[in-house]
*Asks:* 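Have a look at the structure that comes next, please.
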Amino acid sequence: MKKLLSTLALVGVVAFAACDDDSSNNTTNNNQNCGNGIVDDGEDCDGSVDIVCTDLDGWGFDGGTLTCNSDCTFNMTECTGGPECGDGVAEGDEECDETDLRDMDCTDEGFTSGTLSCNTDCTLNVESCSDEEDLCGNGVIDGDEVCDGAAHGTATCEDYGYSNGYLVCNTDCTGFNLGSCANVPGECGNGVVEWAEACDGEISDTCEDYGFDGGTLSCNDDCSVDFSACIGDYCELNDWYGDEYCDACELMGGVHDPDCDSVCSESDGTCGSYQDQLVGSTTCLGLVGTEDPDCGECGNGTWDQFGTYGNQVEDCDGTDVGGYSCTDFGDSFAGGTLACSDNCKYDLSGCIPPVCGNGILEAGETCDGTDFGGATCSTSGEFDDGDLSCSNDCTEIVTTACVAATCGNDLVGGSEDCDNDNLNGSTCSDVGNYDSGTLACDACSFDDSGCVEAVCGNGLLGGDEVCDGSELGEPGFACTDLGYTGGDLSCLDCSGWSASECTGFECNVAADLGTFSGTEIVETGDICDGDGTMVFNGYVGTDYGADGTEKVFTLTLEAGASVNIEYAGADDNVIMVVTDCGDLMGYGAVSVDADYETFVETLTLTNETEASVTYYVVADFYEYDCADGAGSGEFTLTVSAPSK
């Protein structure tokens with residue numbers, strides 16, 4: 001039966017000769033055995049049918065009744081579902097459906113070149129096919145080609161309304177993709193590498209820096225990197241062909257990556273495009289001319305910032321610039337208005353660069369006039385006192401009028417800790433693990449011989465203690481600072497607080513994941529959809545707190561059970577597991593992952609007790625506050641059995 005089903009994709013479109021019951025006069029009947037109740041060669045069926053509609057490969061039926069015609073072909077008229085012209089999937093007797101051409105091209109239709117397409121009635125359109133030699137791809141603009149590879153004629157991004165950037169020729173040579181064009185201050189050719197430029201004039205990198213075997217790297221006139229003189233095919237050297245990622249191989253000594261044709265055109269639920277500096281835009285836009293349909297749509301006003309794997313897709317979209325401003329772009333701008341270009345790249349033309357001499361310390365400036373950003377002579381070198389000045393270009397603080405530090409003059413400056421009785425406001429607890437005592441000064445260095453070592457439990461807060469007895473640390477620190485409405489906060493081992501006597505806090509559990517049974521659990525949503533909180537801080541396992549919005553899930557593990565937990569978010573995130581809903585600081589966390597370099601956190605959780613345990617899984621953003629409206633709160637939480 002398996003062999004039969006594999007050949008049924010187009011069954012029924014060929015009409016078989018009718019059965020002739022007169023076996024004595026059957027010289028013209030090609031199906032002499034039709035009607036004998038046996039499925040012979042050339043027959044789909046004979047009388048009864050031992051398969052159902054859904055068994056017909058390539059037709060897409062979802063039910064119904066399959067019967068046998070008198071000519072021993074399948075009768076599919078009572079099947080339900082099936083081919084639907086216009087749904088983008090070529091099924092049944094459809095020659096094609098929208099972009100699904102059944103992996104055919106013009107050569108399959110007897111032509112030598114051209115572009116095969118699909119008519120609205122799901123028949124093949126060969127109007128753009130040709131018997132002439134296809135010259136697109138030879139690097140020379142021939143015939144009616146607009147461009148060919150790096151050959152752009154005299155066209156630039158400025159011709160299309162952008163201030164700079166560089167054009168990328170579509171693979172069919174019919175036009176340009178504008179994804180690499182930009183609207184930013186700067187000028188290609190001024191010898192300065194500015195925003196949206198990969199290089200400008202001389203280039204310090206080498207071919208070897210990009211993984212080639214050698215050669216000469218140079219900069220194109222449009223400020224993109226020229227790899228044409230490098231030795232080797234970078235994609236071949238790194239096995240990038242056929243790896244299901246769309247790469248700029250033709251810009252790296254190779255040929256068009258065939259992965260682009262599938263990743264960028266087929267809707268498979270996975271956004272495979274990503275921002276690539278070599279093409280100045282997302283790979284699909286830069287190399288094929290259309291975006292991966294699973295990556296959102298530029299121009300719909302929704303910022304599709306990240307793809308399936310956390311890969312950046314758009315800078316912005318419409319009026320949505322992700323909450324960013326001009327000053328977020330390093331030291332290049334001091335203010336102005338950030339906007340979004342039509343190609344979903346930042347429009348920085350309204351941003352204002354810093355102005356030296358206006359007396360205001362702006363981005364990129366070390367000082368301006370008398371504004372030194374809080375610096376003084378004593379913080380700028382071995383000085384006690386004096387006056388700072390600023391260089392004319394606002395890049396350097398000048399200390400020529402500062403007074404050199406001198407030990408014994410009661411002034412603390414330079415590398416001095418103290419000077420005579422001037423301890424610069426320091427106490428024993430500031431200089432070591434001390435509770436109390438008297439700090440002194442000896443030859444302008446601290447003398448801590450009179451300090452008393454910190455001891456947990458003596459009610460004195462000192463050293464690295466967070467709290468001690470009734471001394472809870474910060475002035476007025478109480479249950480309300482941890483998200484509770486009242487109650488009494490107490491100190492736990494001088495390393496953290498106990499909220500056991502606090503009242504009024506309800507753990508905001510977005511979902512109960514149940515008891516893990518071995519079946520994968522996937523929870524998707526948006527941190528900002530209304531059930532998120534900002535009370536868990538999660539200091540465990542990281543040097544800084546995850547004080548952004550989070551959701552909390554409950555998960556029960558039987559005794560001895562283990563699971564893998566993966567938390568993929570659209571922003572910088574951390575995942576933490578605690579056994580107490582009130583453990584807001586995570587001091588009792590049993591597992592945590594806080595890798596700030598990735599948006600995907602993973603951990604393995606094992607119940608090492610002899611009874612079932614219900615855990616609280618905290619899926620947290622590091623700093624992102626949903627109330628800001630910046631970024632996206634989308635996440636995917638996956639609980640699965642540990643890999644073997």
Side-chain angles (χ1 to χ4, degrees), residues 88 98-99 146-147 155-172 174-184 195-198 222 224 245-248 257 259-326 328-329 337-351 526 570-571 599 629-634:
E98 295 184 345
T99 59
V146 176
C147 53
T156 65
C157 287
E158 287 83 348
D159 297 328
Y160 295 88
Y162 294 88
S163 63
N164 40 29
Y166 48 95
L167 297 170
V168 176
C169 187
N170 290 337
T171 55
D172 59 5
T174 59
F176 294 105
N177 165 254
L178 306 178
S180 303
C181 293
N183 281 312
V184 300
W195 194 269
E197 295 178 348
D222 60 5
S224 62
Y245 287 90
C246 175
D247 302 301
D257 185 357
D259 293 313
C260 296
D261 299 326
S262 57
V263 169
C264 302
S265 61
E266 297 177 1
S267 179
D268 58 3
T270 299
C271 172
S273 188
Y274 61 93
Q275 285 279 0
D276 190 324
Q277 290 183 335
L278 289 178
V279 299
S281 67
T282 55
T283 49
C284 287
L285 274 176
L287 301 174
V288 180
T290 58
E291 187 58 276
D292 180 346
D294 299 302
C295 292
E297 179 184 352
C298 179
N300 63 359
T302 300
W303 181 29
D304 302 305
Q305 183 186 11
F306 298 107
T308 306
Y309 304 107
N311 40 322
Q312 186 170 342
V313 180
E314 296 177 351
D315 289 343
C316 52
D317 200 317
T319 59
D320 189 351
V321 294
Y324 291 106
S325 64
C326 293
D328 291 316
F329 292 84
T337 302
L338 179 66
C340 190
S341 299
D342 291 339
N343 58 355
C344 291
K345 296 181 71 68
Y346 291 121
D347 182 352
L348 297 157
S349 59
C351 293
D526 195 306
D571 212 301
F599 293 173
S632 169
E634 294 180 356

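Note that the numbering runs from 1 along the sequence shown for the chain. Computed from heavy atoms alone, side chains included, the values below leave out hydrogens, waters and symmetry copies.
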*Asks:* Less than 4.5 Å apart, any side-chain heavy atom of Asn164 and any of Val184?
*Replies:* yes

*Asks:* Any idea which heavy atoms bring Gly318 and Cys340 closest together, and the distance?
*Replies:* O-CB, 3.1 Å

*Asks:* For Leu285, is there any backbone N or O sitting under 3.5 Å from a side-chain donor or acceptor partner on Asn177?
*Replies:* yes

*Asks:* Check whether Ser163 reaches the backbone of Ala182 with its side chain - one donor and one acceptor, N or O, closer than 3.5 Å.
*Replies:* yes

*Asks:* Asp292 and Gly272: which non-hydrogen atoms are nearest, and at how many Å?
*Replies:* OD2-N, 2.8 Å

*Asks:* Sequence neighbours left out, what passes side chain to side chain donor-acceptor pair (under 3.5 Å) with Asp347? Give chain and number order.
*Replies:* Ser349

*Asks:* At their closest point, which heavy atom of Asp315 faces which heavy atom of Tyr346, and how far apart are they?
*Replies:* O-OH, 3.1 Å

*Asks:* Would you say the SG of Cys295 sits under 2.5 Å from the SG of Cys271?
*Replies:* yes

*Asks:* Which residues satisfy the ring-ring contact (aromatic ring centres under 6.0 Å, His included) test with Tyr274, sequence neighbours excluded?
*Replies:* none

*Asks:* Checking Asp294 now: which residues fulfil side chain to side chain donor-acceptor pair (under 3.5 Å) with it, not counting sequence neighbours?
*Replies:* Ser267

*Asks:* Which residues satisfy the side chain to side chain donor-acceptor pair (under 3.5 Å) test with Glu291, sequence neighbours excluded?
*Replies:* Ser273, Thr282

*Asks:* Which heavy atom of Cys284 sits nearest a heavy atom of Cys246, and at what distance?
*Replies:* N-SG, 4.4 Å

*Asks:* Where is the tightest heavy-atom contact between Ser341 and Asn183, given as atom of each residue plus distance?
*Replies:* OG-ND2, 3.1 Å

*Asks:* Sequence neighbours excluded, which residues qualify as side chain to side chain contact (heavy atoms under 4.5 Å, CB included) partners of Asp342?
*Replies:* Tyr162

*Asks:* Roughly how far, to the nearest 0.5 Å, is CD of Glu297 from SG of Cys344?
*Replies:* 9.0 Å

*Asks:* Go through the structure and list residues passing side chain to side chain donor-acceptor pair (under 3.5 Å) with Thr337, not counting sequence neighbours.
*Replies:* none

*Asks:* Which heavy atom of Phe176 sits nearest to which heavy atom of Leu167, and what is that distance?
*Replies:* CD2-CB, 3.6 Å

